[in-house]
*Asks:* 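First, the structure itself, so that you have it in front of you.
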Amino acid sequence: MTDSKYFTTTKKGEIFELKAELNSDKKEKKKEAVKKVIASMTVGKDVSALFPDVVNCMQTDNLELKKLVYLYLMNYAKSQPDMAIMAVNTFVKDCEDPNPLIRALAVRTMGCIRVDKITEYLCEPLRKCLKDEDPYVRKTAAVCVAKLHDINAQLVEDQGFLDTLKDLISDSNPMVVANAVAALSEIAESHPSSNLLDLNPQSINKLLTALNECTEWGQIFILDCLANYTPKDDREAQSICERVTPRLSHANSAVVLSAVKVLMKFMEMLSKDLDYYGTLLKKLAPPLVTLLSAEPELQYVALRNINLIVQKRPEILKHEMKVFFVKYNDPIYVKLEKLDIMIRLASQANIAQVLAELKEYATEVDVDFVRKAVRAIGRCAIKVEQSAERCVSTLLDLIQTKVNYVVQEAIVVIKDIFRKYPNKYESVIATLCENLDSLDEPEARAAMIWIVGEYAERIDNADELLESFLEGFHDESTQVQLQLLTAIVKLFLKKPTETQELVQQVLSLATQDSDNPDLRDRGYIYWRLLSTDPVAAKEVVLAEKPLISEETDLIEPTLLDELICYIGTLASVYHKPPSAFVEGGRGVVHKSLPPRTASSESTESPETAPAGAPSGEQPDVIPAQGDLLGDLLNLDLGPPVSGPPLATSSVQMGAVDLLGGGLDSLMGDEPEGIGGPNFVTPPAAAVPANLGAPMGSGLSDLFDLTSGVGTLSGSYVAPKAVWLPAMKAKGLEISGTFTRQVGSISMDLQLTNKALQVMTDFAIQFNRNSFGLAPAAPLQVHAPLSPNQTVEISLPLNTVGSVMKMEPLNNLQVAVKNNIDVFYFSTLYPLHILFVEDGKMDRQMFLATWKDIPNENEAQFQIRDCPLNTEAVSSRLQSSNIFTVAKRNVEGQDMLYQSLKLTNGIWVLAELRIQPGNPNFMLSLKCRAPEVSQHVYQAYETILKN
């Protein structure tokens, strides 16, 4: 009989019987009793009263009975911690049992008992098991260290288990290596600033060797760890890719996706001219295609990941269109995802095939799918210009079917086609007007109204058509009301004599009878425009519309790069970074693709990478409002900003105690606050001599602005980079950089006209951004910009604009308008332009603030290959408003304590450790808003290395 019999009994008074059976001399009876106890526990009965009796059964050689008792123990140890201590001796004994299975079972159970009292007793057995001769025991012990770290991190560090774990990465058994990597990764995730996985070419080589012999889950741990490594050059990246490629043919889809993640990340470092690059692209397609023959749930996960891959590197799957064709029995979520990818892969070569397929889908029975298919035809028309004609005729055929929802979707997409190709397909308007009566969805009604208003001069009865909508004005949705108001005003401006009554009627409905503020505001604006200046009204309302872009639903490039680093995880399914959906104290690390190496950069076109952009490509899409813009940055100096610290360069602090007296000694009794013989005041060399700014002590103010000399802060200015290539802006090329001088920030622009026509009427606007950067004056281009002419402009900026937290923090999205069109681009500004001149903290305040900011907000970085000495470093940083508050020498190391303040009032405190003769500096940053630390570190790097 099976063990199910233990779950069928419902006797009362069972506890006493079980107690007697547990204390029986017969082994079989004992085992039966423990099984009954476990069954009762499983169905939710409280059998904690039997704790001592069950623990007595631990002393047995029977492995099955031992497992059952351990299971009971794990469940009840938390509620009976005092009793659980009774079991410790047995654990210790079992950890020395000759049978490796029992040793591993003991150490595994110890890790699962989350009771502080017991934890310290586990250290000795765990230490033995980590060095056990049997690999099965070692691999179990490795995972136990991660569990113990979760219960008591300090204990694990004090006992030296982390060093033992690092040694296990060199173990001869691949499973032990995989579990050691998994445990270290888990620990490192909760402590992003620690340098646990110190990856170097030697350790990477060991991991790659173990990769071939691991179990599938072991391979995933190792591949995920490899994905966090940044190779030193393209040769190392290629060699790792070559050794990871065989994993693409693994049967487990998780292994395949982890391998794809590593390859996608390291391909960033390979030159596109390499033969190997082409080979790798070809090798990536088959495994992704194979994933689509799995069950629907796996297909969906694969498709969400493929969606990201296709946006980053469409060339991988450009010949595989057919696998994304929808099957009749695909669930709707798979169908919709396949459609999306089909459109992303659509090109001139395959558009005929795609359109035939989409037309077929538009006759299906699933309404949501049909809608998406009709919309997809419109997106194809906008994406592949040569197919527009064919797409429009396909849409007209669909309109003739008279299926309500098909007609409505078709009208919505035809509106976009009109916007993309003006004066080309307006002949179809008559057909659209025939279907006016059948429209009942707000989006379709609004689209139709827009078409009637926009092309009123071509439609004889436009006024009648719009009047028919006006009858039920108050029952319409806001979207339709707004569109109707604009359309009637357009009609009035085109045919003023015939429609005066109509326009008065709609303006009065919008302003007097409506309680919607948007509608009222728009109504009043039109009313005032029409009554004061009809010519201006014409210019505003009938202005030329900007053409719509081919892909409005692309993920913003910086976010896409981050999501590529999370392929095969939940982030890649949600298409959101982990910080958007992971809660709790765990540090969510922001990842980004490695920068292209010098050899691969040389083969790129000059427009790909501007100075200072962290990823290979310049972000150039302004996303739809609200889709990926996070909450407003907490710009308060009050309590610490809650939120995980950002990724830091993993650098461990040395043995010097920075807070236990070391920093306190800065607060000595001497008048200058010089504590101890090693303390030196910073030099007075921060201001160039020719500026004649007198310096008192090293701690006096940077500039003597009262002396009447207009001093310039020598803040570092990056060379101009191309922000908007001429290709993307109809001949207008914009290069630029940012500067800060005497407290004012400016954007130095260079506009070049590479088109054949004169450019005039320039204007500029910034999207909301993390620090409220905004133009302080209009963009002044005094003369028309002739073809092949270049003009240099300095645009003053202020920081009083609207604030919205961006990703990354220093992302600035810009719109520039001229007489031709509106162009969008996005650039990253260096944070040091926001360092203000009064960023020097006094020492008392520095010490108090350093201690007050929680330790988890501290981020540590290493600045490599900087040839400057301490004096030069201090001087150079001071010229960019990073002020040295104090300086000490500890055991031959110079310690600079520095402060800086951002324009929004956030203070950042720094400790810079410089070992004379060593070009690598250690930088510790503390700040109430840890999000800025990574960018402050980048500012240090930029200033010191240029």
Side-chain angles (χ1 to χ4, degrees), residues 367-368 371-372 374-375 378 404-419 429 432-433 435-456 459 462-494 499 501-531 537 540-543 545-546 548 552-553 622-629 632 765 767-768 802 804 815 822:
V367 176
D368 283 342
R371 286 174 181 280
K372 186 102 179 202
V374 176
R375 217 160 259 226
N404 191 316
Y405 53 87
V406 175
V407 173
Q408 309 210 54
E409 284 298 327
I411 286 174
V412 172
V413 294
I414 285 176
K415 180 197 85 170
D416 289 341
I417 294 172
F418 285 170
R419 288 272 311 269
I429 291 175
L432 303 183
C433 290
N435 295 282
L436 254 178
D437 302 335
S438 63
L439 307 181
D440 51 18
E441 287 167 20
E443 200 177 359
R445 288 172 77 82
M448 191 65 223
I449 291 167
W450 181 87
I451 291 169
V452 174
E454 190 67 17
Y455 302 105
I459 304 170
D463 49 348
E464 288 170 25
L465 296 177
L466 291 176
E467 204 168 347
S468 66
F469 283 105
L470 206 54
E471 287 160 10
F473 186 79
H474 289 304
D475 303 328
E476 299 285 4
S477 69
T478 307
Q479 183 183 6
V480 177
Q481 289 177 334
L482 286 165
Q483 201 60 267
L484 191 53
L485 172 61
T486 303
I488 291 177
V489 172
K490 282 180 187 171
L491 176 66
F492 172 71
L493 290 167
K494 290 174 181 178
T499 53
E501 210 173 293
L502 189 61
V503 81
Q504 281 178 339
Q505 191 185 344
V506 77
L507 288 172
S508 112
L509 281 171
T511 54
Q512 289 161 26
D513 305 348
S514 170
D515 53 5
N516 182 317
D518 289 344
L519 188 61
R520 276 209 312 271
D521 287 354
R522 192 182 290 193
Y524 281 125
I525 288 169
Y526 285 154
W527 200 314
R528 283 171 192 156
L529 265 175
L530 292 170
S531 57
V540 172
V541 181
L542 301 180
K545 312 286 176 296
I548 58 174
T552 47
D553 60 342
I622 291 203
Q625 272 299 342
D627 60 348
L628 54 92
L629 300 164
L632 293 187
Q765 196 174 350
N767 198 359
R768 292 191 285 172
S802 299
M804 173 182 276
V822 180

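One-based numbering along the sequence shown. Note that the coordinates shown come from a computational prediction; the quantities given were computed from them, not determined experimentally.
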*Asks:* What heavy-atom pair brings Val407 and Ser438 nearest, and what distance separates the two atoms?
*Replies:* CG1-OG, 4.4 Å
*Asks:* What distance do Leu482 atom CG and Glu476 atom CD have between them, rounded to the nearest 0.5 Å?
*Replies:*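 Going from the CG atom of Leu482 to the CD atom of Glu476 covers 11.5 Å.
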*Asks:* Run Glu443 and Arg371 through salt bridge (charged side-chain N to carboxylate O under 4.0 Å, His left out) and show every step you take.
*Replies:* CA-CA 13 Å; Glu443 200 177 359; Arg371 286 174 181 280; over 6 Å; no
*Asks:* Could you measure the distance from the CD1 atom of Ile525 to the CG atom of Leu485? Nearest 0.5 Å is fine.
*Replies:* 10.0 Å
*Asks:* Just how far is it from atom CZ of Arg445 to atom CE of Met448, taken to the nearest 0.5 Å?
*Replies:*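 Going from CZ on Arg445 over to CE on Met448, the span is 11.5 Å.
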*Asks:* Looking only at non-hydrogen atoms, find the nearest pair between Ala510 and Arg520 and report the distance.
*Replies:* O-CG, 3.4 Å
*Asks:* Dump the intermediate steps for side chain to side chain contact (heavy atoms under 4.5 Å, CB included) on Leu530 and Leu493, then the final yes or no.
*Replies:* CA-CA 9 Å; Leu530 292 170; Leu493 290 167; 3.8 Å; yes
*Asks:* For Ala462 versus Leu491, what's the shortest heavy-atom pair and its separation?
*Replies:* CB-CD1, 3.9 Å
*Asks:* Partners of Asp440 by side-chain hydrogen bond (donor to acceptor under 3.5 Å, both in side chains), sequence neighbours excluded?
*Replies:* Gln408
*Asks:* Determine whether Leu542 and Lys494 satisfy the following criterion, side chain to side chain contact (heavy atoms under 4.5 Å, CB included), listing intermediate values before the conclusion.
*Replies:* CA-CA 9 Å; Leu542 301 180; Lys494 290 174 181 178; 3.8 Å; yes
*Asks:* Quick check: closest heavy atoms across Cys433 and Leu465, and the distance to 0.1 Å?
*Replies:* SG-CD1, 3.9 Å
*Asks:* How long is the straight-line distance from CD of Gln481 back to CG of Leu470, given to the nearest 0.5 Å?
*Replies:* 10.0 Å
*Asks:* At their closest point, which heavy atom of Ile459 faces which heavy atom of Val452, and how far apart are they?
*Replies:* CD1-CA, 3.9 Å
*Asks:* Would you find more than 12 non-hydrogen atoms of other residues, nucleotides or ligands less than 6.0 Å from Gln765 atom CD?
*Replies:*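 No, the 6.0 Å shell around CD holds no more than 12 heavy atoms from other groups.
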*Asks:* For Thr511, is there any backbone N or O sitting under 3.5 Å from a side-chain donor or acceptor partner on Ser514?
*Replies:* no
*Asks:* Is any side-chain heavy atom of Phe469 less than 4.5 Å from a side-chain heavy atom of Gln483?
*Replies:*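 Not touching, per the 4.5 Å side-chain cut-off.
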*Asks:* By ring pair (Phe, Tyr, Trp, His ring centres under 6.0 Å), which residues pair with Tyr455, not counting sequence neighbours?
*Replies:*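 Per chain and number, Tyr455 pairs via ring pair (Phe, Tyr, Trp, His ring centres under 6.0 Å) with Phe418.
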*Asks:* Assess the residue pair Val489 and Leu529 against the criterion (side chain to side chain contact (heavy atoms under 4.5 Å, CB included)); give the C-alpha distance rounded to whole Å, side-chain angles, the decisive distance to 0.1 Å, and a yes or no.
*Replies:* CA-CA 11 Å; Val489 172; Leu529 265 175; over 6 Å; no
*Asks:* Would you check if Phe492 and Gln504 make a side-chain contact, meaning some heavy-atom pair closer than 4.5 Å?
*Replies:*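 No, side chains not in contact.
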*Asks:* Should the heavy atoms of other residues, nucleotides or ligands under 6.0 Å from CD of Gln479 be counted, would the total exceed 12?
*Replies:*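 Correct, the count exceeds 12.
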*Asks:* Working to the nearest 0.5 Å, report the span between CG of Asp463 and OG1 of Thr499.
*Replies:* 7.0 Å
*Asks:* Should Arg522 and Tyr526 count as side-chain neighbours, where that means a heavy-atom distance under 4.5 Å?
*Replies:* yes
*Asks:* Could you grab the distance from atom CD1 of Ile411 to atom CG of Leu432, nearest 0.5 Å is fine?
*Replies:*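 Output value for this atom pair is 5.5 Å.
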*Asks:* Identify the heavy atoms of Val822 and Ala815 that sit nearest to each other, and give their distance.
*Replies:*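 Reported closest heavy-atom pair: CG1-CB, 4.3 Å.
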